[in-house]
Amino acid sequence: MNTLSKPELLAPAGNLEKLKIALLYGADAVYVGGHVFGLRKYADNFSETQLEQGIAFANSLNKRVYLVLNGFAHNQDLDQLLPYFKILNKLKPHGLIISDMGIVQLAKAHTNIPIHISTQASVTNKYTTKLYKDAGAKRVILAREVSIEDCKEIKAYTDIELEVFVHGAMCASYSGKCIISNYSAGRDSNRGGCVQSCRHKYHLFDPETKEEVDQKHIMNAKDLMAVNLLPDLIISGVDSLKVEGRMKSNMYVANISKVYRQAIDYCFDCIVNKKEINPEKINTWQLELSKVSNRSFSTGGLEDRPFSESIRYNFDKYEKDVDYIGTVKDCLNDALIIENKVPFEVGDQLELVSPSHDTQTFQVTNFFDLRGNRLEKSKPNSIVSLPFEGHKEKYSLLRKCLSA
């Protein structure tokens, strides 16, 4: 019997700052998009220089960066790939996430970088997994429609790394196979332009009278949260637990990285040492994850086959318990330098979430612009100096509880 291994925590990184935040808050690895073929056309994405800096930062922490090249390839896309492979051979990311078999062959011919088969390939069974292993893949990222029981069977049949999603937005179709965005907005979801048409509210008309009868969300899926399934996922032998969200906020990235790091470590320790898992800890992590903007949660296809009633969600607004105020860009002896996103004011009760320290709660008594002028209320997208006497750490995040 193989020795049980702790699965990797893999977080999204839409830009260099989010890469650093994810790794500092506990992720073992991040996945990023470059400017070539990365399926998030409207994310910041990484230039060659930024990718080099991100890989160097990850290497300094003994962590990993995987590069996404998982769009659906057309002939006109191919010319830019070969020179890009030369760049990647020099930068040495720790894996390439690819969905197209032709691009897999090109990557193997022109790089020595490990190949991860993307969830866009919709791998749902053991025979397809073995096919990709025989083709030279190191890892298969299983479709989100695959259950934990399926993972066990696939792992027993094929000795290859398996990766599954455990948190984040759920696609209304098999991932990457939707073209509603093409019709509704003229933007190709399979080439990085998805406008998430399934999230929109639609006007419904009676086909006989042509009169509007309702307005509702008819395709939207709940977000995925599987922190309560971590024990089963660890026992299944899955190698990597992945979080969706390259276009989400610094607060989201920090939140999921810190919570899932704590949860994976705790559950793995309990399993290895045959200790009972405390359900109160699981509840605490679920509550912390639900504080950040979400569409309510389900466990997706990990427990139930998708498109059941438990996965669909008719919503009027996103749910959250906190506002993301800003990121600590620098620390002075007596103050935090904050890149402010959402306004706050004197008298507000705020929380400071840090990579290596417990959350600190405090009341704002005064703060200043960078010229030393005292402020009563901040302006969004500004830099402010906030006096603070507690533990200070770069890349800490400020948030405000909406009930405060």
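Starting from 1, each residue takes its place in the sequence as its number.
Side chains of Thr359 and Leu352 form no contact here, defined as non-hydrogen atoms less than 4.5 Å apart. Proximity of Asp369 to Leu375: side-chain heavy atoms (C-beta onward) are separated by under 4.5 Å at one or more points. Side chains of Val146 and Asn125 form no contact here, defined as non-hydrogen atoms less than 4.5 Å apart. Using a 4.5 Å heavy-atom threshold, the side chains of Asn220 and Arg295 count as touching. Between Val164 and Ile148, the closest side-chain pair of non-hydrogen atoms is not below 4.5 Å. Lys222 is not listed as a side-chain neighbour of Phe297, based on a closest heavy-atom distance of 4.5 Å or more. Residues Leu287 and Asp321 fail the side-chain proximity criterion, which asks for heavy atoms closer than 4.5 Å. Proximity of Arg399 to Lys291: side-chain heavy atoms (C-beta onward) are separated by under 4.5 Å at one or more points.
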Dump the intermediate steps for side chain to side chain contact (heavy atoms under 4.5 Å, CB included) on Val68 and Val32, then the final yes or no. CA-CA 6 Å; Val68 173; Val32 307; over 6 Å; no
Tell me, with the steps shown, if Thr124 and Asp150 meet side chain to side chain contact (heavy atoms under 4.5 Å, CB included). CA-CA 8 Å; Thr124 58; Asp150 292 331; over 6 Å; no
Start with the C-alpha distance between His35 and Phe46, add both sets of side-chain angles, then the distance that settles ring pair (Phe, Tyr, Trp, His ring centres under 6.0 Å), and finish with yes or no. CA-CA 6 Å; His35 286 301; Phe46 283 67; 8.8 Å; no
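No side-chain donor from either of Arg261 and Tyr25 sits under 3.5 Å from a side-chain acceptor of the other. Ser354 and Ser396 are linked by a side-chain donor-acceptor pair at a separation below 3.5 angstrom, with hydrogens and angles left out of the test. Residues Thr158 and Thr129 bring no donor and acceptor atom of their side chains to less than 3.5 Å of each other. A donor-acceptor contact closer than 3.5 angstrom is absent between the side chains of Tyr202 and His217. Side-chain atoms of His94 and Asn59 form a donor-acceptor pair, as typed in the model, at a separation below 3.5 Å. With 3.5 Å as the limit, one finds a donor-acceptor pair spanning the side chains of Tyr324 and Asn250. Side-chain contact check for Ser240 and Glu8: at least one donor-acceptor pair (N or O, by modelled atom type) lies under 3.5 Å. In summary, the side chains of Asn70 and Ser118 do present a donor paired with an acceptor at a separation below 3.5 Å, with no hydrogens or angles considered.
Here the closest heavy-atom approach between residue Leu302 and residue Leu233 is recorded as CD2-CD2, 4.4 Å. For the pair Cys267 and Ile234, the tightest heavy-atom approach, listed with the atom from each and the gap, is CB-CD1, 3.9 Å. Between Tyr31 and Gly245 the shortest heavy-atom distance is OH-N, 3.5 Å. Of all the heavy atoms in Met101 and Leu131, the pair that sits closest is CE-CD2, 4.3 Å. Ile180 and Ser197 get closest at one heavy-atom pair: CG2-CB, 3.4 Å. Nearest heavy atom pair, residue Val227 against residue Tyr260, reads N-OH, 3.5 Å.
A distance-only check finds a donor-acceptor pair linking the side chain of Gln360 to the backbone of His391 [under 3.5 Å]. Using a distance-only test at 3.5 Å, with no hydrogens or angles considered, a donor-acceptor pair links the side chain of Ser181 to the main chain of Arg187. Side-chain atoms of Asp28 come within 3.5 Å of backbone atoms of Leu9 as a donor-acceptor pair (strictly under, hydrogens ignored). Side chain of Ser298 to backbone of Gly300: a donor-acceptor contact under 3.5 angstrom is found. Here the side chain of Asn15 pairs a donor or acceptor atom with the backbone of Glu17 at under 3.5 angstrom. When atom types are taken as modelled, the side chain of Lys210 and the backbone of Pro207 share a donor-acceptor pair closer than 3.5 angstrom. A side-chain donor-acceptor contact under 3.5 Å links Asp348 to the backbone of Glu345. For the pair Gln50 (side chain) and Ser47 (backbone), a donor-acceptor distance under 3.5 Å is present.
Residues passing the salt bridge (Lys or Arg N to Asp or Glu O under 4.0 Å) test with Asp79: none are found, sequence neighbours excluded. By the salt bridge (Lys or Arg N to Asp or Glu O under 4.0 Å) test, Glu393 pairs with no residue at all, sequence neighbours left out. In this structure Lys90 satisfies the side chain to side chain donor-acceptor pair (under 3.5 Å) test together with Glu48, sequence neighbours excluded. Scanning for salt bridge (Lys or Arg N to Asp or Glu O under 4.0 Å) contacts around Lys155 gives Asp239, with sequence neighbours left out. Partners of Phe362 under the ring pair (Phe, Tyr, Trp, His ring centres under 6.0 Å) rule, at least two apart in sequence or in another chain, are Phe388. In this structure, the ring pair (Phe, Tyr, Trp, His ring centres under 6.0 Å) partners of Tyr157, at least two apart in sequence or on a different chain, are Tyr127. Partners of Tyr266 under the ring pair (Phe, Tyr, Trp, His ring centres under 6.0 Å) rule, at least two apart in sequence or in another chain, are Trp285. The ring pair (Phe, Tyr, Trp, His ring centres under 6.0 Å) search around Tyr183 returns none, not counting sequence neighbours. With sequence neighbours excluded, the residues forming a side chain to side chain contact (heavy atoms under 4.5 Å, CB included) with Lys275 are Asp269, Cys270, Asn273, listed by chain and number. Residues passing the salt bridge (Lys or Arg N to Asp or Glu O under 4.0 Å) test with Lys248 are Glu244, sequence neighbours excluded.
Salt-bridge formation is not detected for the pair Lys92/Glu52: no Lys NZ or Arg NE/NH1/NH2 atom is positioned less than 4.0 Å from an Asp or Glu carboxylate oxygen.
Other residues, nucleotides and ligands place more than 12 heavy atoms under 6.0 Å from the NZ atom of Lys6. A 6.0 Å sphere centred on NZ of Lys126 holds more than 12 heavy atoms belonging to other residues, nucleotides or ligands. With a 6.0 Å radius and a threshold of 12 heavy atoms from other residues, nucleotides or ligands, Asp206 has its CG atom above the threshold.
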Which pairs would a plain distance check flag for residues 330-344, meaning a side-chain donor or acceptor within less than 3.5 Å of a matching protein atom at least two apart in sequence or in another chain?
| unit_1 | atom_1 | unit_2 | atom_2 | d |
| --- | --- | --- | --- | --- |
| Asn340 | OD1 | Ser378 | OG | 2.6 |
| Asn340 | ND2 | Ile325 | O | 3.0 |
| Asn340 | ND2 | Val342 | O | 2.8 |

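When each of Arg139, Lys138, Arg144 is checked for a salt bridge (Lys or Arg N to Asp or Glu O under 4.0 Å) with Glu163, only Arg139 meets the rule.
Taking the centre and axis of the six-membered ring of Phe57, the NZ or CZ atom of Lys20 falls inside the cone set by 45° and 6.0 Å.
Sequence neighbours left out, the pairs with a member in residues 102-125 that pass ring pair (Phe, Tyr, Trp, His ring centres under 6.0 Å) are Tyr66-His116.
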